Amino acid sequence: MERKYDFIIIGSGIAGLFFAQKIAELLPDRTVAVITKKRETESNTNYAQGGIASVMSGTDSFDLHVADTLRVGAGLCHPRVVEQIVKYGPATIRKLVDIGVKFTVSRGEYDLGREGGHSTNRVVHAADLTGREIERALLAACRRKKNLDMYRDTIALDLITYLHRGAKRCGGAYAFSEKKKEFSSFYAPVTMLATGGIGQVYYHTTNPNIATGDGVAMAYRAGARVANLEFIQFHPTALYSPKQKAFLISEAVRGEGGVLMNSAGVKFMKKYHPQKDLAPRDVVARAIDTELKATGEDYVFLDISHRTPAFIKKRFPNIYKECLRRGLDITRKPIPVVPSAHYSCGGVMADLHGRTDIEGLYVCGEVACTGMHGANRLASNSLLEAVVMADFAADAAIEFRESQKFPEVPPAEEWLHSSIPRMSDRIVISHDRREIRRLMSDYLGIVRSSDRLQMAHERVKVILKAINSYYLCQPASYAIVELRNIAQVAELVIRSASRRKESRGLHYITDYPELNDDKWKRDTILKPPGYKAARSKHGKRR
Ligand code: FAD
Ligand code: SIN
């Protein structure tokens, strides 16, 4: 099936939906399609709890928010990018409110939460269900647009690229619907990749199943550079509940007085950082890792039971209910928690307008690496970056679309017309997926070593080679598509981590425990095979 649109957007989280509704609103005569691989709401965004960081009170300032972001980013943030995003924060919150997002208000003002690494309260939230409220409002806005089509249960397989006056261009994406057993070629002059994170590359993660790094893998295969993928953020406090789906216990719980303690009841964070439980995330996650290794236990505790039940139920209704459903009353007992892979600070290299190395290909949200987060993301800066980028990228993409003819249609992907007989081997696929994810959790976790990185790399390269050889012989399925992407992203994460011979932010390696500004105060950039720097203005970034 061939489909033509002016704009296609891959992903229906905060980044993709904000971009889509803005374009559809500003250009009612242009056509917009959103492709998303599961239900429209299924995204990291939908599970966001804490909120959006923004300067909203008289006692806060842009300088403070910028300084907190830079300090937590451990020397690798791009200050100009940080300044622009932070300054745009209040306008962003207003735009979300205008679209219909209802944030929690207390005595006529936004209720501002506190999270790790922030020097003041600045997190705008909707109780502890901020992401769900944002998804609801953005989806409603998209559904009101007559020129916007939503393709749910449709997975993008690869980007369509071709040469235009010597420069690589993106002309859309190939997609597949498992439910309909249907392949489609989506052709468009502008493709926005807003596929979110890579958490599922790890066995223990706060991310939902959709977060398989598809965007990073697709962009790299298409010829775009990726950066800083060694900086994987582990959230310190995922609920320890090994037999059930992962569940996050928001950092906002510590912002409201929650305290970490070991099984002996010792409040250990004072040993590790002056900001104690509200230290930056890398420090807290490493502290918990150290405590667990010292005691041999599987989890530590987070206690908020000293606050009143009424307060806990009002401020954290979702966390309270979900823990109760799993048999734990958090108003009475401490919560067993463990660090889990949560966020990728790295991704596809992009400027603040989402422009990548490939003309016509834009990225925004967690899939992108703009330089905002450096070596460690400040809590609740992700949703902020995603909306600001989507907003700026929409302006850039509109300008690009209006200056272009429709792309010449390149031939369809090999897989679509392949005559190779196809055999299904689900066992191999699920085995490889499990093996990579376990290996990443065991060898590429909070504390790394050169030996382990090398072992992991050898193994992942072998698995990736095998997957690439059997990929086209398999009947198309989400499982094989995601496996290939998980393997590709795992390889990129390991390669990035192996390059950086120092410890900085989220990358802690025992062989090089010190920071080395002289040699390593720079981004880790991986170029795809055959990469050529784009000649056009569009492709020049950062
Ligand atoms: P997502 O919201 O993940 O959306 C990606 C979309 O792409 C999904 O719709 C997915 O189905 C789709 N997709 C992926 N691959 C394909 C494909 N191949 N084809 C078609 N569709 C595809 N950040 C904060 O700032 N504040 C918070 O409070 C906060 N809390 C969090 C809590 C949790 C539990 C988690 C997991 C993350 C949290 N984060 C938070 C991080 C933040 O939620 C994410 O970084 C952000 O939502 C990413 O938005 P996005 O639009 O880039 O991607
Ligand atoms: C949380 O609520 O702890 C998540 C915040 C974030 O990831 O920024």
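Heavy atoms only: backbone and side chains are in, while hydrogens, waters and symmetry mates are out. Keep in mind that what you see is a predicted model, and the values were worked out from it rather than measured. Atoms within a ligand are numbered from 1 in the order they appear, just like the ligands themselves.
- Near Arg377, the atoms of ligand 1 lying under 4.0 angstrom from a non-hydrogen atom of the residue are 23 (N), 24 (C), 25 (O).
- The pair Asp395-Lys22 meets the salt-bridge criterion, since a charged nitrogen lies less than 4.0 angstrom from a carboxylate oxygen.
- Here the options are Ile10, Leu193, Ile198, Asn485, the test is side chain to side chain contact (heavy atoms under 4.5 Å, CB included), and the partner is Asp214; only Asn485 passes.
- Using a 4.0 Å cut-off between charged nitrogen and carboxylate oxygen, Asp98 and Arg94 do not count as a salt-bridge pair.
- At a threshold of 4.0 Å, the pair Arg484-Asp158 counts as salt-bridged, since one of the basic side-chain nitrogens sits closer than that to a carboxylate oxygen.
- The shortest heavy-atom distance from Thr206 to ligand 1 is under 4.0 Å.
- At a 3.5 angstrom cut-off on N or O pairs, Asn207 does not count as close to ligand 1.
- The distance between the ring centers of Tyr174 and Phe176 does not fall below 6.0 angstrom.
- Every protein residue with a heavy atom nearer than 4.0 Å to ligand 2 is included here: Gln49, Gly50, Glu115, His235, Leu248, Ser250, Glu251, Arg281, His342, Arg377, Ala379, Ser380.
- Taking the six-membered ring where the residue is Trp, His235 and His342 present perpendicular rings, their angle passing 60° and hence far from 30°.
- At least one cation-pi condition fails for Arg315 and Phe311: the charged atom is not both under 6.0 angstrom from the six-membered ring centre and inside a 45 degree cone around its axis.
- Of all atoms in ligand 1, listed by their number and element, those nearer than 4.0 Å to a heavy atom of Ala194 are 5 (C), 6 (C), 7 (O).
- Among Ile10, Val367, Leu383, Asn44, the residue whose heavy atom lies nearest to atom 3 (O) of ligand 1 is Asn44.
- Glu482 does not count as a contact of ligand 1, since none of its heavy atoms falls under 4.0 Å from the ligand.
- Of the candidates Ala15, Pro208, Gly51, the one placing a heavy atom closest to atom 27 (C) of ligand 1 is Gly51.
- For the side-chain contact (heavy atoms from CB on, under 4.5 Å) test, no residue two or more places apart in sequence or in another chain qualifies with Lys321.
- Taking all heavy atoms of Gly13, Cys364, Ser340 into account, the minimum distance to atom 4 (O) of ligand 1 is reached by Gly13.
- Using cut-offs of 30° and 60° on the angle between ring planes, the pair Phe186 and Tyr5 is parallel.
- With Leu378 as reference, Thr69 is the one residue of Thr69, Val86, Leu384 to meet the side chain to side chain contact (heavy atoms under 4.5 Å, CB included) rule.
- In this pair, Tyr110 and Phe103 present their aromatic rings perpendicular. The plane angle is above 60°, beyond the 30 to 60° band.
- The heavy atom nearest to atom 46 (C) of ligand 1, out of those in Ser250, Ser382, Ala156, is found in Ser382.
- Heavy-atom proximity to Tyr343, at under 4.0 Å, picks out these atoms of ligand 1: 45 (O).
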